[in-house]
Protein chains: 2
Amino acid sequence: MCSLNIDSKKKPRITIKDVADASGLSCATVSRVLSGYEFVKETTRKRVLEAVEQLGYVASLPARSLAGGRSRTIGLLVPNLDVGYVGTITQGIDKALSSANWDLVLYASHHQLNKETYYVNAIANGITEGLLLIAPQFPSTYLDTLRERDFPYVLIDQADPTENSSIVEATNYQGAYEATQYLCELGHTRIAFIVGSLNVWSAVDRLRGYKAALADCNIPLRQDLILEGDYQQQGGYEAVKQVLNTVDPPPTAIFASNDISAFGAMDAAREHGFRIPEDISIIGFDDIPQASLIYPKLTTVRQPLEQMGQVAAQMLVERIEERSRPPQRVTMATHLVIRDSCAPRQFQPGERKKPFRETGGNLSPTN
Amino acid sequence: MCSLNIDSKKKPRITIKDVADASGLSCATVSRVLSGYEFVKETTRKRVLEAVEQLGYVASLPARSLAGGRSRTIGLLVPNLDVGYVGTITQGIDKALSSANWDLVLYASHHQLNKETYYVNAIANGITEGLLLIAPQFPSTYLDTLRERDFPYVLIDQADPTENSSIVEATNYQGAYEATQYLCELGHTRIAFIVGSLNVWSAVDRLRGYKAALADCNIPLRQDLILEGDYQQQGGYEAVKQVLNTVDPPPTAIFASNDISAFGAMDAAREHGFRIPEDISIIGFDDIPQASLIYPKLTTVRQPLEQMGQVAAQMLVERIEERSRPPQRVTMATHLVIRDSCAPRQFQPGERKKPFRETGGNLSPTN
DNA sequence: CAGTAAATTGAAAGCGCTTACAATTTGATG
DNA sequence: CATCAAATTGTAAGCGCTTTCAATTTACTG
């Protein structure tokens, strides 16, 4: 408590009182200026803004939030940190919020239930005014509480059986149907499917689309070609590694529940000596930016991720501004994007599987 | 204001007063129980905890923060949402904070100066007690302010010329030196280097290490083999695409400033018809989890990302608990991890690409 | 000029919590 | 029992801001 802390000369906090003193007005008026209240004289407003700038005043968000003011901050709960799916949605969210002068703060659950539940509570009791949830895995544990609290939220890429939530989603079933149908049209009959995390509704819908397309193409459903996945690259890699090592003859095409799993599938196929797309065709889902960067460019079902983020953010902000808004459900169209990772099934008897140990795996004489 | 909002029956907030009433104690005592103050009777403590559980009380973080209490929340500013580098560091941070009962909240600057500066301010004026910054690009614009405010922070993978910051970093120079040296030992003399974002200190250090190793291996430095990059996959892809299209003979090895750029380099090389590692060797930096998933597995300089996150988080928490702590600098060792993406340089006359258009005059018979 | 309505601003309460200091209780000792 | 020290708890102020309601100012009309 003596003058031992010579270096920690903490600059006293500039408060709204300092601004009021410097501008010769009351705290109430300063507050009104800063919140954009309409009945303030222009000369008064200028005096306040000058004082704010001179003093470098920054409002205390906890104080403002506690006093009933606006933090203009939205919480976003994400399952992981992923520059493709989550990152693209987040950029859409960020864009919509920025243009409306809102801040975005992220919480990462790392796919853990206790984290997901805990953070939803922390968000609802912090300074944020609403919550966006990207593909939450355990929403039933807290959606009722959020509604009781009348805390605004929007689900992205997840369903709510109670029909009481605002949701932004894509046509997962239709997208998966079209992708599978495309592989059928290419002549593939052994089409493996990497499942996503089945507690996310999109994974369930995609599996159903896959099954429906097989049925409509008169291809029998094979349980050993439905590969357990978790939307992650390593999960996709291991699933495909296993099916290529155990199923004989192996699948000639793979439809993965998302692009990240498809990347893992590509790695496993290459490691197994398969060329893409000559020996095995691969389709992903999402069309994250990386899908068109890799070689060969991935055929995938485009989900308008950025727009989904934008729409969700707009829905949430509208919900915050107008609490009587009923829950909405917006379903955005997917679209099969055909690139380079698919080819017609090869019907030669020597199906080039083993003796072609091409470590790079990409050079064909036609290059 | 009438009873039009039949559906918005918002449940009144449970406050600390409700808990105090239910347990027959004062608010101060309830607060003391919840903050773990030692001089509380065990019977009193139990009464409070029972009331908390029965009522489902959750503290208001803004109120607690404003009153001088602990939010036990750390802000993390990240340049983007990246499951490899940022995600791995974040997992280390999360692990260290979780075990110490702290929360983590992320802000993504998306590499924009105004976002980075703005969010640092928002964090410092919100409910967080400290700030971690992963590879911030523009720290000079706000570090002085943070110090004036005595707001605790730690830099990860970035330098501060004033030497007044706590920093966690890796031996970037040494790591880059070793990677480049390894390529020299494999016989490569045309080694391209993809630069990182040069406003991040690690990028500068890695470039210096590359240059030093070339000099020590008596390989002349070539400006046209130093490729402009930005630590991003697309940047790496485009840089390599260009160098393969313009430099003749092309480089036989590429050292990228990070794994993500290396992935982009691999894609461009494949697109150009090159096999990895037969035609072109590639080294990354970071050893993010994906580096050992892809095919072929990437040789890379391991940066102990998770441990860096852990150490940074611990340093920050210690700094918050003990404000007199002087700034610390922790430098963690990198380590060259040799996997499958490198091979000795091929010396055959038909080097598999072109008809060997020797125009540049780099290959001397003494090579 | 007086009266009125609208515009503008200030005073004060309070948001939910923490903590300093005072008051009370408890336990030990002679 | 009285005294004392430590343990335990309560009271009240206050953190920084917002907002309601009252007070003041301004502008217009007859």
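Chain identifiers are assigned alphabetically (A, B, ...) following the order of the sequence lines, protein sequences preceding nucleic acid strands; residue numbering begins at 1 within each chain. Reckoned from all heavy atoms, side chains included, excluding hydrogens, waters and symmetry mates.
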DNA chain D contacts among residues 54-63 of chain B, heavy-atom distance under 4.0 Å: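 Heavy-atom contacts with DNA chain D come from no residue of residues 54-63 of chain B; none.
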Nucleotide [N], atom [atom2] - distance to [atom1] of [X] in whole Å:
{"X": "Asp18(A)", "N": "dC15(D)", "atom1": "CG", "atom2": "P", "result": "12 Å"}
{"X": "Arg70(A)", "N": "dT18(D)", "atom1": "CZ", "atom2": "P", "result": "12 Å"}
{"X": "Ile127(B)", "N": "dC17(C)", "atom1": "CD1", "atom2": "C1'", "result": "13 Å"}
{"X": "Leu66(A)", "N": "dA13(C)", "atom1": "CG", "atom2": "C1'", "result": "13 Å"}
{"X": "Leu34(A)", "N": "dG16(D)", "atom1": "CG", "atom2": "C1'", "result": "13 Å"}
{"X": "Ile16(A)", "N": "dT9(C)", "atom1": "CD1", "atom2": "C1'", "result": "14 Å"}
{"X": "Arg45(A)", "N": "dT8(C)", "atom1": "CZ", "atom2": "P", "result": "12 Å"}
{"X": "Lys17(A)", "N": "dG10(C)", "atom1": "NZ", "atom2": "P", "result": "12 Å"}

Is any side-chain heavy atom of Ile127(A) closer than 4.5 Å to one of Leu61(B)? no
Under a 4.0 Å threshold between the charged nitrogen and the carboxylate oxygen, would [Y] count as salt-bridged to [X]?
{"X": "Arg13(A)", "Y": "Asp18(A)", "result": "no"}
{"X": "Arg319(A)", "Y": "Glu129(A)", "result": "no"}
{"X": "Arg147(A)", "Y": "Asp160(A)", "result": "yes"}
{"X": "Glu42(B)", "Y": "Lys46(B)", "result": "yes"}

Between Arg64(A) and dT18(D), does any side-chain N or O lie under 4.0 Å from OP1 or OP2? yes
Answer with yes or no whether the side chains of Tyr118(A) and Asp103(B) bring together a donor and an acceptor at under 3.5 Å. yes
Distance-only side-chain donor-acceptor flag, Tyr142(B) / Glu116(B), under 3.5 Å: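 Yes, a side-chain donor-acceptor pair sits under 3.5 Å.
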Give every pair of a protein N or O atom and an N or O atom of nucleotides 7-11 of chain D that lie under 3.5 Å apart, one pair per line with the distance.
| unit_1 | atom_1 | unit_2 | atom_2 | d |
| --- | --- | --- | --- | --- |
| dT9(D) | OP1 | Thr44(B) | OG1 | 2.2 |
| dT9(D) | OP2 | Lys41(B) | N | 3.2 |
| dG10(D) | OP2 | Ser26(B) | N | 2.9 |
| dG10(D) | OP2 | Ser26(B) | OG | 2.7 |
| dG10(D) | OP2 | Thr29(B) | OG1 | 2.6 |
| dG10(D) | N7 | Arg32(B) | NH2 | 2.8 |
| dG10(D) | O6 | Arg32(B) | NH1 | 3.1 |

With no hydrogens and no angle check, is any side-chain donor or acceptor of Thr15(A) less than 3.5 Å from a backbone partner on Lys17(A)? yes
Show, in sequence, the C-alpha distance, side-chain angles and deciding distance for Tyr153(A) and Val120(A), and conclude whether the side chain to side chain contact (heavy atoms under 4.5 Å, CB included) test is met. CA-CA 10 Å; Tyr153(A) 68 90; Val120(A) 166; over 6 Å; no
